[in-house]
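Please read all numbers here as calculations on a predicted model, not as lab measurements. Each residue takes its place number in the sequence, starting with 1.
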Amino acid sequence: MSSTLLWASFAAAAIAILFLVAIVQNSVDERSVIATPNIPRENGILTSFVSIKIKASAEEVFAVMASFKDYSTETPFSAFNWENVTADGVPMVGSTGTFKLTVDGFGSRKMQAKLTLLDRESKRLAVLTTSFTPWLLASERVQEVVPIEGHSGYCEYRSWWTLEGVAAYYLLLAAQEDFCESQKRSAADLKDFLERRN
């Protein structure tokens, strides 16, 4: 009798877990997931995308983004500290370091990061978090700047941050709004920083 009850309990727990997994997986909007250099679209759980028009040239905006030091000292939401840098302090592709992200209501988190893309021609860069194994949690943020045709002196800044791994489901369910809001505020900080300089 007790072994039957034990097996029935295990079966009920297994069904409940499978049901919970199905609900969580169905909450992923696969159409809104954007691939990054290291996270394919099919592995992504959540992408936060932001786009903002900035009154500055694409070259000026990318120079601030690629230097990391000017912008990250101005924004309270993210800060980078690279270990492998050039003589003028700029990281290179493959550089590792730490990245501190602050999300309102969730505090600050310091993560290990790696610069995976720094393309000055296309004005695009990408940073991959490496604190955890990808099956648990990985994220990659891609930032790019494109000139706006017909609007001299203006450009569009775009950033998308894609997460993968089991722990990304927690952010999807519990902190998606705050995560997306931090992206928007970070982009607005970049815009304010650049437009104040001009």
Joint hydrophobic cluster, [X] plus [Y], side-chain heavy atoms closer than 4.5 Å:
X	Y	result
M92	W82	no
W135	M111	yes
L117	W160	no
L190	V127	yes
L118	I39	no

[X]: what forms a side-chain hydrogen bond (donor to acceptor under 3.5 Å, both in side chains) with it, not counting sequence neighbours?
X	result
T98	none
S131	none
S152	none
N81	none

For [X], is the [atom1] atom crowded, meaning more than 12 foreign heavy atoms sit under 6.0 Å from it?
X	atom1	answer
E177	CD	no
K123	NZ	yes
F49	CZ	yes
E149	CD	no

Using every non-hydrogen atom in the two residues, find where [X] and [Y] come nearest and quote the distance to one decimal.
X	Y	value
G165	I45	O-CG1, 3.9 Å
A126	V142	CB-CG2, 3.9 Å
V33	G44	CG1-CA, 3.7 Å
A66	P91	O-CD, 4.0 Å

Determine whether a donor-acceptor pair (N or O, by modelled atom type, separation under 3.5 Å) exists between the side chain of [X] and the backbone of [Y].
X	Y	value
S95	L115	no
W161	C180	no
T129	S139	yes

With no hydrogens and no angle check, do the side chains of S122 and E144 hold a donor and an acceptor under 3.5 Å apart? no
What's the verdict on side-chain contact (heavy atoms from CB on, under 4.5 Å) for D192 and R196, showing C-alpha distance, side-chain angles and the deciding distance? CA-CA 6 Å; D192 293 344; R196 271 196 322 266; 3.8 Å; yes
Going from [atom1] on [X] to [atom2] on [Y], what distance comes out if it is rounded to the nearest 0.5 angstrom?
X	Y	atom1	atom2	answer
S182	D189	OG	CG	10.5 Å
N43	N38	CG	CG	11.0 Å
L128	E140	CG	CD	5.0 Å
D119	L125	CG	CG	9.5 Å
C155	K55	SG	NZ	12.5 Å
E83	Q112	CD	CD	7.0 Å

Would K191 count as a cation-pi partner of Y157, with NZ or CZ less than 6.0 Å from the six-membered ring centre and within 45° of the ring normal? no
Hydrophobic cluster of V146, others only, ordered by chain and residue number, side-chain cut-off 4.5 Å: none
Can you tell if the side chain of Y170 reaches within under 4.5 Å of the side chain of L137, non-hydrogen atoms only? no
Decide yes or no for E195 and I54: does some side-chain heavy atom of the first lie under 4.5 Å from some side-chain heavy atom of the second? yes
Candidates M65, K184, Q183 - the one meeting side chain to side chain contact (heavy atoms under 4.5 Å, CB included) with S159: Q183
Pair T130, T96 - check side-chain contact (heavy atoms from CB on, under 4.5 Å), show working. CA-CA 9 Å; T130 58; T96 58; over 6 Å; no
Partners passing salt bridge (Lys or Arg N to Asp or Glu O under 4.0 Å) against R120 (at least two apart in sequence or in another chain): none
